[in-house]
Undergrad: 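Structure incoming, see below.
Here is how names work: the chains are called A, B, and so on, in the same order as the sequence lines, proteins then strands, and each is numbered from 1. It should be emphasised that the depicted structure is a prediction, and the values quoted were computed from it without experimental measurement.
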Amino acid sequence: MQGQALPGFRDFYPEELALRNHIFGAWRDVARRYGFQEYDGPPLEPLELYTEKSGEEIVQQLYAFQDKGDRQVALRPEMTPTLARMVGARAQALKKPIRWFAIPQLFRYERQQRGRLREHFQLNMDIIGEAGPAADAEIMAAVIDIARAFGLTSTDVRLRVSDRRILANELKHGHAVADGEMLGVLSALDKWGDEPALTERRLQHALGDSPERKASVHSFLSLLANEDRATVARLLATPAAEQLRECGARLEAMGLGDFVHVDFRIVRGLAYYTGIVFELFDAKRSLRAICGGGRYDTLIQEIAGVDLPCVGFGMGDVVLGELLKEHAKAAEAPSRLDAFLIAVGGEDVAPVLKLAHELRDRGVAVEYALRDAPIRKQLELAAARGAPRAVIVGPDERKAKVAVVRDLKTGRQRKVALAQVRKGVFK
RNA sequence: GUGGCUGUAGCUCAAUCGGUUAGAGCGCCGGACUGUGGCUCCGGAGGUUGCGGGUUCGAUUCCCGUCAGCCACCCCA
């Protein structure tokens, strides 16, 4: 035994790679339907690309080291800084709005758990250069259509959306929360129902010095956490909610309203979100968020010095893969074989090789046994390979210039002229 | 980084109180089966019981350490 893959890293055996390719395929297909262009960047980046924006926290979770040229480098933990650099460098030349997507492999050094490894692939879709809610709606529609592309319905998954500006506005004017306290208060709302102690701790940390404000914030947040209808309706009617309303109306017009659910508990951990935020969850909520995103209008300015509003999301392959397996929507590895060729005796091998090569030249996928073996053995291998049919060539067939084509599902077989078989016509 | 639980064949699991050569099913390989697969029967390969140490006449079993996995925390691509 020569050990195993590093902790948090995956070996992709054919069945697993089939699932991954199935996921990538659906991602690319939806991105194409939405008119997004694919880009990519280096998996290894200068360490500063992340430290400047993200600070110490991220750095501790980075795969970072010094290369042989004494450069401080890191495996990319997210794609957005690379995207910001690339867009920033050609900001003048690119026609706005920019619709780009990527499927980078991302790395992060932390203890692994279910749905959380040290490496994953993540679809990133971003619209850059459009500040209006139409872009937000477009991005959210893409998220929903990806779920639909996997056969998931509005009973399987839910897109929960919020807008930080609505809450910030309410907290500021209704509960005297200062700008500097905002993130701490919002983080208390995150996971309100799941982890009461954590909620309390965060709230205490943010407003501990002011019991009255803390109490009023607490009662307000608990209304949100319990999805109090009147409170939600009141917030949605405020001027600050205009973008969210418009966004919802657009998704409704696309016929995707069933998937969308306003939920002010959605906060998102990243500090750089500036407006609408959303997460895609499985309806049972047994897994982590499948996808998360939102609007980050100031990030490119901070990284690349170009003022461009952005909205986008990231969707990882790990949680999604688990959800698909739960729903038995994972793709079987399909046989890529069109036929399995069988030589009855040793003198039939050369003709079979000739036929195999002719078929392969025509683009037909064929395999044959690499060892002389009884027909039964060869048929067994053909079936195990998942070939739809076996083509049997023996002395009698060669004399008659035919081949026996056996359907491996039904067991039915018939003679087909060799001239036809050679062209890839099996009936 | 912290804590809890768990590590036996490729997979799922056995192994009496600490007792002789660690077993079974599935899978894999071969045979029964010399021009027709899936079924059945028979046989075979495959283990440093995660690794290292300790206790003991003797450890898969008990103890310690370590590594890995799962779960929770921290955090959340």
Undergrad: Could you tell me which nucleotide pairs with B/rA68 by Watson-Crick or G-U wobble geometry, both distances under 3.5 Å, or answer none if nothing does?
TA: B/rU6
Undergrad: Can you figure out which of B/rG35, B/rA68, B/rU36 approaches the side chain of A/Q413 most closely?
TA: B/rU36
Undergrad: Between B/rA72, B/rU36, B/rG30, which one does the side chain of A/R406 approach most closely?
TA: B/rU36
Undergrad: Using Watson-Crick or G-U wobble geometry with both distances below 3.5 Å, tell me the partner of B/rC62, or none.
TA: B/rG54
Undergrad: Does the structure show a Watson-Crick or G-U wobble partner for B/rU34, both distances under 3.5 Å? Name it, or say none.
TA: none
Undergrad: Classify A/G293 by what it touches in the nucleic acid, base, sugar-phosphate, or nothing, heavy-atom distance under 4.0 Å.
TA: nothing
Undergrad: As a test of reading the structure: which of B/rC70, B/rA32, B/rG35 is closest to the side chain of A/R376, going by heavy atoms?
TA: B/rA32
Undergrad: Is there, by distance only and without an angle test, a donor paired with an acceptor across the side chain of A/Q378 and the base of B/rU36 below 3.5 Å?
TA: no
Undergrad: Which one is paired to B/rG1, where only Watson-Crick or G-U wobble pairs with both distances under 3.5 angstrom count?
TA: B/rC73
Undergrad: Tell me what A/L117 touches on the nucleic acid: a base, only sugar-phosphate, or nothing, going by heavy atoms under 4.0 Å.
TA: base
Undergrad: If you measure from the C1' atom in B/rA68 to the same atom in B/rU49, how many Å do you get, rounded?
TA: 15 Å
Undergrad: If you check every side-chain atom of A/P7, which of B/rG30, B/rA68, B/rU36 has the closest atom?
TA: B/rA68
Undergrad: Given B/rG31, B/rC75, B/rG35, which nucleotide is nearest the side-chain atoms of A/R116?
TA: B/rC75
Undergrad: At 4.0 Å (heavy atoms only), tell me whether A/I342 reaches a base, stays on the sugar-phosphate, or touches nothing.
TA: nothing
Undergrad: May I have the step-by-step check of ring pair (Phe, Tyr, Trp, His ring centres under 6.0 Å) for A/F121 and A/F24, ending in yes or no?
TA: CA-CA 9 Å; A/F121 292 90; A/F24 285 14; 5.3 Å; yes
Undergrad: Counting the atoms with a prime plus P, OP1 and OP2 as sugar-phosphate, which does A/G411 contact under 4.0 Å by heavy atoms, base, sugar-phosphate, or nothing?
TA: base
Undergrad: Considering every strand and a 4.0 Å limit on heavy-atom distances, what is the contact class for A/D317: base, sugar-phosphate, or nothing?
TA: nothing
